[in-house]
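Per chain, numbering begins at 1; letters A, B, ... match sequence-line order. What's counted below: heavy atoms across the whole structure, side chains too, no hydrogens, waters or symmetry copies.
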Amino acid sequence: MTWNTNLRWRLPLVCLLLELAMVVLFGVFVRYDFEADPHWSEEKQHKNIASDLENDFYYRYPSFQDVHVMIFVGFGFLMTFLQRYGFSAVGFNFLLAAFGIQWALLMQGWLHNFQNGYIYLGLESLINADFCVGSVCVAFGAVLGKVSPIQLLIMTLFQVTLFAVNEFILLNVLLVKDAGGSMTIHVFGAYFGLTVTRILYRPNLQQNEERQSSVYHSDLFAMIGTLFLWMYWPSFNSAVSNHGDAQHRAVINTYCSLAACVLTTVALSSALQKKGKLDMEHIQNATLAGGVAVGTAAEMMLMPYGSLVVGFVSGIVSTLGFVYLTPFMETHMHIQDTCGIHSLHGMPGLIGGIVGAVTAATATSEVYGRKGLAQAFGFDGANKNRTTHLQGSYQAAGIFVSIAIALVGGSVVGAILKLPIWGQPADENCFEDHVYWELPEERENTYRPEDSALKPVTP
Amino acid sequence: MTWNTNLRWRLPLVCLLLELAMVVLFGVFVRYDFEADPHWSEEKQHKNIASDLENDFYYRYPSFQDVHVMIFVGFGFLMTFLQRYGFSAVGFNFLLAAFGIQWALLMQGWLHNFQNGYIYLGLESLINADFCVGSVCVAFGAVLGKVSPIQLLIMTLFQVTLFAVNEFILLNVLLVKDAGGSMTIHVFGAYFGLTVTRILYRPNLQQNEERQSSVYHSDLFAMIGTLFLWMYWPSFNSAVSNHGDAQHRAVINTYCSLAACVLTTVALSSALQKKGKLDMEHIQNATLAGGVAVGTAAEMMLMPYGSLVVGFVSGIVSTLGFVYLTPFMETHMHIQDTCGIHSLHGMPGLIGGIVGAVTAATATSEVYGRKGLAQAFGFDGANKNRTTHLQGSYQAAGIFVSIAIALVGGSVVGAILKLPIWGQPADENCFEDHVYWELPEERENTYRPEDSALKPVTP
Amino acid sequence: MTWNTNLRWRLPLVCLLLELAMVVLFGVFVRYDFEADPHWSEEKQHKNIASDLENDFYYRYPSFQDVHVMIFVGFGFLMTFLQRYGFSAVGFNFLLAAFGIQWALLMQGWLHNFQNGYIYLGLESLINADFCVGSVCVAFGAVLGKVSPIQLLIMTLFQVTLFAVNEFILLNVLLVKDAGGSMTIHVFGAYFGLTVTRILYRPNLQQNEERQSSVYHSDLFAMIGTLFLWMYWPSFNSAVSNHGDAQHRAVINTYCSLAACVLTTVALSSALQKKGKLDMEHIQNATLAGGVAVGTAAEMMLMPYGSLVVGFVSGIVSTLGFVYLTPFMETHMHIQDTCGIHSLHGMPGLIGGIVGAVTAATATSEVYGRKGLAQAFGFDGANKNRTTHLQGSYQAAGIFVSIAIALVGGSVVGAILKLPIWGQPADENCFEDHVYWELPEERENTYRPEDSALKPVTP
């Protein structure tokens with residue numbers, strides 16, 4: 001089956017309409033938070049704030065920029081491993097994330113920061129918008145190479161909406177803790193993306209096997225993505241934590257978990273190959289599972305060795321997933337998961353949710369201090385009498401809610417994306433930049449200085 | 001025409017002399033700012049400063065490092081899109097920026113921080129030096145591929161000097177606000193560079209058309225530059241803003257403008273191609289126009305939707321510029337603008353200047369608060385009675401001053417660079433690393449494992 | 001001689017055992033520092049700390065992330081210059097650093113932060129662990145291409161141990177100042193690595209000359225490493241400095257030294273080639289010597305012009321080293337130094353140690369202020385009566401101690417690594433990813449759109 005892949009009018013129209021909608025909605029609803037408003041200096045006097053540094057900006061700005069790098073360079077380059085799909089990987093990720101953060105500012109604003117008819121924007125909103133888009137980047141990994149940019153924009157529109165709803169249920173109704181978004185970002189993003197790719201199943205992709213693999217340099221580009229994700233993950237998991245010890249602790253836990261994860265990934269990658277050689281795909285992906293799996297519990301008293309254990313286990317689970325489960329799902333369940341997001345985000349996200357539930361359920365006021373416990377889990381106001389056991393149960397419930405919304409939402413969105421009007425590529429053009437990009441006319445890549453008309457003049 | 005391109009004695013001599021001059025001038029003039037001086041602890045007691053955190057270092061360090069990355073990786077890699085000019089793009093950018101920041105510390109120091117015969121160096125000086133060099137990197141984009149490193153060093157020497165003078169006129173005489181440097185950096189840099197490249201016009205460059213284009217991997221390298229510029233632009237526009245709300249607001253505005261710009265760039269890029277395909281050149285460049293165009297007004301009350309509008313418009317203008325204006329200027333005005341800086345920095349910079357003037361002129365004390373208004377525009381001291389309308393006019397004047405100094409300065413510097421003694425490349429060697437670099441002897445790029453003398457031993 | 005390079009059981013076993021050991025040791029010994037503990041809010045009240053910002057986290061987090069990038073992307077990509085060794089360069093660096101930071105947290109914890117039977121982990125511990133691993137990355141540069149990942153893990157195990165001992169002697173016994181680790185990281189790492197590679201000498205490597213060189217794109221990948229090292233070096237040298245002016249000053253000094261170093265590197269690189277062309281190897285490496293050489297004195301009153309002089313000299317020394325000394329050492333001393341670490345870390349590190357000793361010896365209380373002098377050199381408690389002259393002598397002693405431990409330790413570790421059981425590659429397979437990695441089957445790298453089965457449908 002072939003579709004019309006000339007997007008000349010459709011893509012511009014979709015982009016311009018979406019952006020116009022953003023302008024109008026921002027005009028109606030979005031204002032600056034008081035910490036970004038020129039009245040801040042009066043506010044400061046009024047509230048007796050001693051220093052400009054108490055502006056939340058200075059608590060969160062370094063983490064924000066790191067998260068920003070993860071979304072645009074991290075996810076973007078991680079997906080450049082395909083030999084002929086680098087432009088699309090980086091470029092479409094750029095496009096969907098740029099749209100997604102705007103829509104996320106609105107959706108999250110309406111659900112979390114809506115007062116007097118206005119959404120008040122501060123740095124924390126920007127971080128949360130980046131987080132939300134992170135879950136779309138995860139889902140993009142499942143459908144990579146098989147969808148048009150229009151489909152991606154539509155998927156983003158719906159997924160951001162559902163993300164915000166799911167996040168609202170978890171954080172504001174169930175009062176769940178999820179610092180690094182193991183549930184809200186990774187579990188939700190992964191199962192949403194897997195459902196969509198299941199519905200968009202293409203039976204005849206085997207012919208493209210060559211293009212579904214990497215070449216030497218594309219794997220190095222992908223390592224840029226991997227490393228920036230890996231290095232900045234401590235910022236990701238701590239970016240919206242409580243000021244002070246919680247942010248500090250989230251960084252330490254994530255740092256430890258990620259370090260452990262690298263060693264078990266290398267171990268499994270070598271052990272599962274007959275010749276004991278390492279597989280770049282595992283190094284690029286499974287090394288990150290430790291960051292996913294420590295997300296929910298990052299700011300809890302997981303203890304440094306606990307973080308190592310989480311990283312240890314998730315590196316193993318993730319690598320096993322890449323070797324056995326991803327191909328199994330493709331063959332037997334018709335789930336074509338281009339980047340293996342089930343192994344990188346799905347299973348480690350589940351681990352993260354479970355670890356978070358257990359850590360919460362076993363929290364004691366000896367370990368946290370009475371005040372510390374209340375702060376860590378938000379046991380105040382209406383939530384004052386919640387026990388840690390109950391908190392653990394709610395945490396566990398959060399996992400199921402995330403999966404449920406992802407499956408239902410993914411099914412609906414997948415069905416919408418299946419309509420033959422979005423310019424999706426034909427099977428034989430999947431994983432191929434050429435469909436949507438003007439490519440440089442490729443002469444021989446080999447550079448031969450002696451060929452070029454150099455006429456050096458010696459003195 | 002061919003020149004002697006063997007730089008063996010000229011380049012070392014120029015580098016060493018310039019660096020020696022720096023050493024001497026630093027020795028005579030440069031000292032540490034009090035916040036970087038060991039007497040700080042006494043100063044702290046003296047001034048009753050409560051915490052080390054009040055050291056300006058902690059307000060600005062994260063932004064500083066981001067700006068640093070933009071100058072060296074951002075601009076450097078953005079220009080690696082040419083297939084045979086990657087070494088020069090990254091390497092010469094590195095060289096000119098490393099020299100430029102030193103000279104900028106002196107020039108800006110003499111004009112802005114000169115007290116008791118000394119220049120006092122603090123972190124803000126380093127940021128400003130990076131900014132100044134940013135405008136040289138912009139101009140480098142126009143002459144990319146057609147000049148020798150000696151010419152670049154000389155251009156840097158003069159351009160930094162003129163930048164500092166122009167900046168002094170704008171910021172200290174006209175008392176203009178220009179947080180992100182739409183006028184001082186982008187308009188000045190772009191029109192300076194365009195004037196220089198006009199004067200260095202080479203009628204016979206068509207023969208190099210092949211080398212003026214990209215190859216697949218060079219475009220991916222360039223995307224590294226694009227993304228780091230795009231992601232860190234909020235830091236750029238807020239790096240020297242007032243502490244507190246102004247810095248916070250500048251980040252939000254820039255974030256919004258850049259996001260909007262991506263969507264309209266994609267829309268136009270697709271709409272302007274017969275087959276509706278995207279052009280990497282636009283994605284690499286026009287997506288950044290939103291950052292340029294929001295520069296001047298970044299810390300003003302532009303409002304989030306206002307930022308979206310600025311990004312919306314500048315993405316369109318910039319992409320149109322790349323498609324129509326850049327080739328027109330080459331053919332009809334003999335302006336060979338290698339990287340299209342007129343479309344990326346020139347026009348968006350003008351938009352930025354105008355937006356800043358309008359936003360300033362329409363500022364009211366209702367929106368800013370009385371105190372906020374005075375702080376935002378520096379209405380104090382001798383400048384106490386300036387109205388916002390007048391401020392708007394001065395802002396507008398700043399645009400014209402920047403263009404004027406750029407055109408006059410660029411003409412003089414262009415004439416100097418035209419002298420046939422700087423080792424410039426012959427027409428047929430333009431866009432060619434081989435002239436100035438020892439290149440690795442290129443065997444076939446293709447890696448064939450089966451060829452290599454591998455003797456694996458199986459156990 | 002050929003060894004069995006199938007690591008299928010050995011590598012997994014080593015990784016898993018090491019990681020299990022980490023889990024157990026962390027479980028027994030490692031706890032959170034009070035600033036990362038939920039009791040922090042009580043501690044704050046108790047100690048009358050006004051703001052969460054006084055948590056050391058906010059003083060050091062931006063620098064930490066920059067240092068993290070230097071270790072993983074900086075060192076990792078710097079070594080990708082070899083044409084067929086990119087996977088190993090980035091991947092093995094990732095592996096050894098991920099293990100090394102965990103082991104360093106323990107070793108440095110036992111020696112520096114051991115209280116009541118526990119190691120207390122805070123952000124500064126993470127930075128110091130990264131530093132320690134930095135010295136292993138340095139040593140990796142000497143043996144690059146000639147060792148197996150198992151050998152690297154074993155080298156890391158021993159080198160981190162010795163690093164911690166040497167650091168303890170310098171910082172806690174000799175009470176030496178070494179902000180940026182010129183001695184503890186660079187001198188120690190370089191001479192350790194050189195000793196190891198001397199002992200692992202392979203007489204028959206000339207046949208691999210081709211693979212020991214770069215290709216066009218591998219040199220661009222390496223520049224990613226270079227630039228991130230160069231840009232973030234100010235963070236490196238200031239990351240654990242005293243709060244306030246010391247951290248501020250360390251940044252300024254490093255910034256200046258690095259800028260100067262670029263110019264003299266370019267000058268020498270061009271002057272030493274007959275055709276005056278630049279050599280990428282020098283630009284990639286010698287431009288960083290200024291950061292190494294200003295390490296020890298970075299937080300001292302070196303003065304901005306002093307920093308320029310340090311950068312000036314070290315750029316020259318380093319480039320001369322690459323041109324003359326590295327080949328000389330290979331031919332006449334049988335030291336095969338793949339990345340030229342002697343020229344980048346060894347000699348500049350020595351310069352750094354000497355500059356530090358001289359700057360300390362000549363420090364006066366006029367320049368530093370009485371209080372400032374005591375703070376800068378830690379002249380308090382038992383160390384109250386130490387003179388600056390004496391401090392200078394101790395600084396000098398630190399250089400010799402570092403070299404001595406490096407040489408002795410390197411000899412022992414080299415001997416261990418020579419055992420024929422670690423899966424090292426045969427001579428003819430050195431500098432070759434294929435030995436330890438599943439490589440993508442390389443079809444022709446050239447991408448020919450016309451070949452691909454594109455069936456575009458025009459509307």
Checklist entry - Do Leu263(C) and Leu16(B) touch side chain to side chain, with heavy atoms closer than 4.5 Å? => result no

Next on the checklist: Could you check whether Tyr61(C) and Tyr61(B) have their ring centres less than 6.0 Å apart?
Outcome noted: no

Item to check | Glu42(B) versus chain C, the contacting section by heavy-atom distance below 4.5 Å | outcome: side chain

Item to check | Any donor-acceptor N or O pair under 3.5 Å, side chains Ser235(C), Gln65(B) | outcome: yes

Checklist entry - Looking just at side-chain N and O atoms, do Asp37(B) and Tyr368(C) make a donor-acceptor pair shorter than 3.5 Å? => result no

Item to check | Glu54(C) vs Ser51(B), side-chain hydrogen bond (donor to acceptor under 3.5 Å, both in side chains): CA-CA, chis, key distance, verdict | outcome: CA-CA 8 Å; Glu54(C) 289 297 332; Ser51(B) 162; 2.4 Å; yes

Item to check | Side chain proximity check, Arg31(B) to Met303(C), heavy atoms < 4.5 angstrom | outcome: yes

Checklist outcome for this item: Whatever's closer than 4.5 Å to a heavy atom in chain B on Arg370(C) counts as backbone

Next on the checklist: Do Phe312(C) and Leu20(B) make a side-chain contact, defined as non-hydrogen atoms from C-beta onward lying under 4.5 Å apart?
Outcome noted: yes

Checklist entry - Looking only at heavy atoms, what is the nearest atom pair of Val90(B) and Met223(C), with distance? => result CG1-CE, 3.4 Å

Checklist entry - What part of Glu281(C) gets closer than 4.5 Å to chain B, counting heavy atoms only: side chain, backbone, both or neither? => result neither

Checklist entry - Tell me, side chain or backbone of Ala271(C) under 4.5 Å from chain B's heavy atoms, or both, or neither? => result both

Item to check | Sub-6.0 Å ring centroid separation between Phe221(B) and Phe221(C) | outcome: yes

Checklist entry - Phe87(B), Phe64(B), Phe26(B), Phe77(B): which one forms the most heavy-atom pairs within less than 4.5 Å of chain C? => result Phe87(B)

Item to check | Tyr59(C) versus chain B, the contacting section by heavy-atom distance below 4.5 Å | outcome: both

Checklist entry - Any side-chain heavy atom of Ser41(B) sitting closer than 4.5 Å to one from Gln375(C)? => result yes

Item to check | Close side-chain approach of Asn253(C) and Tyr32(B), heavy atoms under 4.5 Å | outcome: yes

Checklist entry - What heavy-atom pair brings Asp245(C) and Pro38(B) nearest, and what distance separates the two atoms? => result OD2-CA, 3.3 Å

Item to check | Test of ring centre spacing under 6.0 Å for His68(B) and Tyr232(C) | outcome: no

Next on the checklist: Can you tell me which portion of Leu373(C) sits under 4.5 Å from chain B's heavy atoms? Options are side chain, backbone, both or neither.
Outcome noted: neither

Checklist entry - Only one of Asn55(B), Asp52(B), Leu53(B) forms a side chain to side chain contact (heavy atoms under 4.5 Å, CB included) with His243(C), so which one is it? => result Asp52(B)

